[in-house]
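In what follows, a structure is listed as structure tokens, so that the remarks can point back to it.
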Amino acid sequence: MKEKVFEFLLNVPKGKVVTYGQIAEYTGNKKAARAVGNILHRNPDENKYPCYKAVDSKGNLSRNFAFGGIEMQKEKLESEGIEVRNYKVDLNTYKWNETK
DNA sequence: TAGATGACTCACA
DNA sequence: ATGTGAGCCATCT
């Protein structure tokens with residue numbers, strides 16, 4: 001299951017973000033978003049998996065980011081070319097559709 | 001091994 | 001808008 005999360009994460013193109021629910025849905029359990037968040041929180045390979053691309057349903061950045069705080073996540077997202085407004089991203093624009 | 005917690009999300013009052 | 005309850009999975013204690 002975690003492997004699916006990581007795979008999904010690696011599949012996320014640069015400049016795009018995904019929601020926990022979306023990842024959970026991909027892994028097979030839409031309601032397992034909690035587990036997804038937990039997996040990313042205890043992210044085994046921070047430098048390998050773009051965990052900062054994971055945002056909540058509202059496009060809000062992670063509530064308790066693991067490294068340096070959400071500010072760092074914001075910076076990273078901006079580095080990807082994503083416009084971050086007050087620790088929030090426009091899902092309508094940046095949320096990635098795997099089928100797309 | 002079992003119980004509790006958490007980067008979540010949705011629904012209802 | 002704010003608060004509570006339910007549902008899943010991985011990790012912690």
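Not measured: the values here are computed from a predicted model. Every chain is numbered from 1 and lettered A, B, ... according to where its sequence line falls, protein lines coming before strand lines.
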Original post:
Reckon A/N29 touches a base, only the sugar-phosphate, or nothing at all at heavy-atom distances under 4.0 Å?
Top reply: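 The residue A/N29 makes sugar-phosphate contact but no base contact.
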
With respect to the side chain of [X], which nucleotide from [options] is positioned closest?
| X | options | result |
| --- | --- | --- |
| A/S62 | B/dA7, B/dT9, B/dT5 | B/dA7 |
| A/A35 | B/dA7, B/dT9, C/dC9 | C/dC9 |
| A/N38 | B/dC8, C/dA10, C/dT11 | C/dA10 |
| A/D56 | C/dT11, B/dC8, C/dA10 | B/dC8 |

Subject >> 5' priority, DNA chain C, between A/K2 and A/A33 [closest heavy atom] >> reply: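 Its nearest nucleotide lies further toward 5', so the answer is A/A33.
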
Think [X] has a side-chain N or O under 4.0 angstrom from the OP1 or OP2 of [N]?
| X | N | answer |
| --- | --- | --- |
| A/N64 | B/dA7 | yes |
| A/K30 | B/dC10 | no |
| A/R63 | B/dC8 | yes |
| A/S57 | B/dC8 | no |

Original post:
So, A/E83 side chain and A/E78 main chain: donor-acceptor pair closer than 3.5 Å or not?
Top reply: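 Side chain of A/E83 to backbone of A/E78: no pair is present.
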
Subject >> Salt bridge flag under 4.0 Å for residues A/E80 and A/K16 >> reply: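 No, this pair does not count.
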
Original post:
Could you go step by step and tell me if A/S62 and A/Y87 meet the side-chain hydrogen bond (donor to acceptor under 3.5 Å, both in side chains) rule?
Top reply: CA-CA 9 Å; A/S62 303; A/Y87 300 103; over 6 Å; no

